[in-house]
Amino acid sequence: MFILNIDDYHNIHRRNQPTLLKTHDINHFVTILLNSNPNTPKIPYYSLNNIPIYNPKGVDFKLIIDYINVNFMSKLGKSYYQQNEMWKQHLSDDSYENKLEFLTVHNYDGRVQNQQELRSMKNSKLVDFILHPLHNTKDYIESANILFKVFEKIEQKDYFNNFVIPTICDWPGQVNLRRAITLKLNKKENSGISSQILINKILAQKPKPRLINLILNLTYYGWKNIRNLIVNRFKNIKDIEYLMMIDLLDNSLPLTLDIYIKLFRCGFFEGYLESIVKIWILFQRLHRYNYNKAPLIFLSDVFYWTLNNHPILDILKDNLPIFNDYFVENFHSSLRYQTAESNTDKQIIQKAKTIDIERNDNRFKTTFVNTRNVNISKVKLISLEKKVSLFLLSLFDKIYHNIGKSNNSNNNIFELPSFNNRNIDVMLLPLAWSTSNLPDIDKFCDAENCLLSNSSSNIILICGHSYHKECLNLLNEKCKYCFNYLSESIKTNITTLNKRLSKPLKDNEIPEFLEEKGLDEDYDDENIDSLLEQKEYNINNQYEIQYNIWQNYNNM
């Protein structure tokens with residue numbers, strides 16, 4: 001099986017501002033990288049019962065709504081942390097060695113010593129590296145055509161008629177290539193697009209930068225240290241600030257961390273799929289107008305393949321970790337490390353081709369690539385986690401003494417006393433506050449027509465709605481208010497997306513996306529080094545004192 005990476009590359013180094021002598025010229029390149037997996041079966045275009053890999057309905061919102069209602073709604077009331085406790089046998093543990101591996105997984109620098117084998121490019125080949133923008137659908141079609149011409153030389157022509165090539169893209173790549181495929185399926189020869197475009201099957205996105213990953217890891221493990229203390233003290237208190245923080249620390253944060261470094265890389269497909277649903281809910285709540293559509297595309301495809309028993313589903317389940325963008329990001333990291341600001345576009349292209357030829361030559365690596373060790377000592381890691389724990393204990397103590405004092409100045413803005421009376425948007429609150437049925441602060445149970453005054457078991461769902469256990473049982477463990485909101489959101493997003501995908505091509509295509517301005521590797525490292533060099537005094541003593549204080553709260 002072949003896997004394709006198509007990505008843009010900018011020759012951005014340290015200086016990105018104009019000088020008195022010249023402006024900073026930024027060249028745009030396209031990287032087309034093909035990876036072969038000889039032990040993985042090819043993905044057929046048609047299933048055994050002659051069902052094509054592409055859903056004729058496009059991105060199908062009815063299919064998604066039905067599957068979420070039947071298979072996921074009863075699970076979405078639990079936080080990711082609670083679900084994760086039931087998946088432990090499928091995932092790697094939280095040992096110090098694994099934590100270090102998690103902290104370097106988003107670092108594509110080929111010099112990182114403990115990632116050398118993971119970054120192996122033995123089965124990859126640079127198809128081409130060209131000076132070309134990658135801004136609109138026509139740019140992606142032109143780049144794909146380069147692959148088709150080269151691909152015909154290395155495989156039989158009937159490959160295009162019988163099999164598809166998974167294509168790993170960021171969001172612009174996903175939507176532009178999918179638009180080309182949609183136009184080809186709908187308008188056929190009238191689209192003016194080569195039929196070979198249908199061999200591309202668009203899949204994954206990029207992971208997050210490494211600095212953010214470090215901060216999130218420290219926060220999560222700092223939270224795990226003291227989670228039970230917090231939950232036992234607050235119990236079933238229905239307070240906005242408390243529920244907002246529980247949603248962040250118990251749900252959004254570990255979900256963001258684990259969906260790639262644990263669920264995806266461990267190949268735990270069922271957990272990964274459920275987490276994709278949760279990720280979409282997070283994007284929808286935060287009004288991320290592009291990223292709240294990307295997960296829906298994936299869900300629509302997977303549910304369609306499940307319904308029709310298409311072979312790609314089993315290939316994904318058995319080989320999930322190979323469908324990633326490590327190869328192209330690693331290639332870009334090597335290229336940036338071995339080029340300079342003064343290099344011309346021709347020199348950069350030549351260097352890219354040289355790297356591709358010499359990449360698997362050990363003598364080349366030894367001579368030109370100095371390895372780096374980015375490990376954090378176990379003592380330092382534990383110290384930083386405890387520092388986070390101390391901060392969270394202090395924050396939750398403040399929240400406890402401000403229970404019920406949050407103000408709702410209007411439907412979308414809330415004033416939070418524990419955060420210096422800062423006004424925050426409703427999108428930062430749990431999902432329930434985005435629905436048309438807000439949690440009732442005057443009574444515990446949010447179920448309609450609930451007549452129970454007391455119950456032996458009260459449940460606050462991670463969405464923020466709360467129910468008596470008896471009332472939730474009558475709802476089949478599903479929060480209908482959130483389901484109504486999610487259903488309408490799915491329909492609206494996909495209707496908008498399908499209109500975009502069906503928009504005819506124009507001669508003067510313009511970019512639909514602004515370029516993302518990310519951090520370069522040097523800046524990233526400086527921030528991390530600064531963080532790790534900070535001196536910590538008496539952290540262990542402070543932690544033990546506060547931990548015992550909170551234990552006494554729970555024993556009172």
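Fair warning: this is a prediction, and the values are worked out from it, not measured in the lab.
- With contacts defined as side-chain heavy-atom distances shorter than 4.5 Å, the pair Phe483/Leu76 does not qualify.
- Remark: the Gln284 side chain and the Asn493 side chain contain an N/O donor-acceptor pair separated by less than 3.5 Å.
- Asn69 contributes atom CG, which lies 13.5 Å from atom CD1 of Ile64 (distance to the nearest 0.5 angstrom).
- Taking a 6.0 Å sphere around NZ of Lys443, one finds it holds more than 12 heavy atoms contributed by other residues, nucleotides or ligands.
- Counting heavy atoms from C-beta on, the side chains of Leu429 and Phe414 come closer than 4.5 Å.
- Between Thr256 and Leu216, the closest side-chain pair of non-hydrogen atoms falls below 4.5 Å.
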Subject >> Stepwise side chain to side chain contact (heavy atoms under 4.5 Å, CB included) test for Ser74 and Asn476 >> reply: CA-CA 7 Å; Ser74 61; Asn476 296 319; over 6 Å; no
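- Salt-bridge annotation for Glu385 and Lys99: present, with a side-chain N of the basic residue lying under 4.0 Å from a carboxylate O of the acidic one.
- Put simply, the side chain of Thr435 gets close to the backbone of Ala432: a donor and an acceptor are under 3.5 Å apart.
- A 6.0 Å sphere centred on CD1 of Ile441 holds no more than 12 heavy atoms belonging to other residues, nucleotides or ligands.
- Not counting sequence neighbours, the partners of Lys224 by the side chain to side chain donor-acceptor pair (under 3.5 Å) test are Asp94.
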Original post:
Checking side chain to side chain contact (heavy atoms under 4.5 Å, CB included) for the pair Glu270/Trp87: CA distance, chi angles, key distance, verdict?
Top reply: CA-CA 10 Å; Glu270 288 74 17; Trp87 294 340; over 6 Å; no
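- Without hydrogens or angle criteria, Thr137 side chain to Ala180 main chain gives no donor-acceptor distance under 3.5 Å.
- Side chain of Asp60 to backbone of Lys62: a donor-acceptor contact under 3.5 angstrom is found.
- A side-chain donor from one of Ser418 and Asn402 sits under 3.5 Å from a side-chain acceptor of the other.
- Under the 3.5 Å distance criterion, the side-chain polar atoms of Asp250 are left unmatched by any main-chain donor or acceptor of Gln82.
- Relative to the six-membered ring of Tyr80, Lys278 misses at least one condition, a distance below 6.0 Å or an angle of at most 45° to the axis.
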**OP:** For the pair Asp446 and Asn437, evaluate side chain to side chain donor-acceptor pair (under 3.5 Å) and give the outcome as yes or no after the intermediate values.
**Re:** CA-CA 9 Å; Asp446 290 313; Asn437 298 83; over 6 Å; no
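- Separation of atoms OG1 (Thr182) and CG (Leu501) is listed at 4.5 Å; rounding is to 0.5 Å.
- Here the side chain of Trp305 pairs a donor or acceptor atom with the backbone of Ile53 at under 3.5 angstrom.
- In this structure, Phe234 and Tyr242 have parallel ring planes: the angle between them is below the 30° cut-off, well short of the 60° mark.
- Taking the ring axis of Phe396 as reference, the NZ or CZ atom of Arg233 does not stay both within 45° of it and closer than 6.0 Å to the ring centre.
- Separation of atoms OH (Tyr467) and CD (Glu477) is listed at 11.0 Å; rounding is to 0.5 Å.
- Counted by atom type alone, Trp550 and Asp397 present zero donor-acceptor pairs between their side chains at under 3.5 Å.
- With rounding to the nearest 0.5 angstrom, the CZ atom of Phe331 is 7.0 Å from the CG atom of Leu33.
- Applying the side chain to side chain donor-acceptor pair (under 3.5 Å) test to Lys235 and every residue at least two apart in sequence or in another chain returns nothing.
- At distances below 3.5 Å, at least one donor-acceptor pair connects side-chain atoms of His310 with backbone N or O atoms of Ile312.
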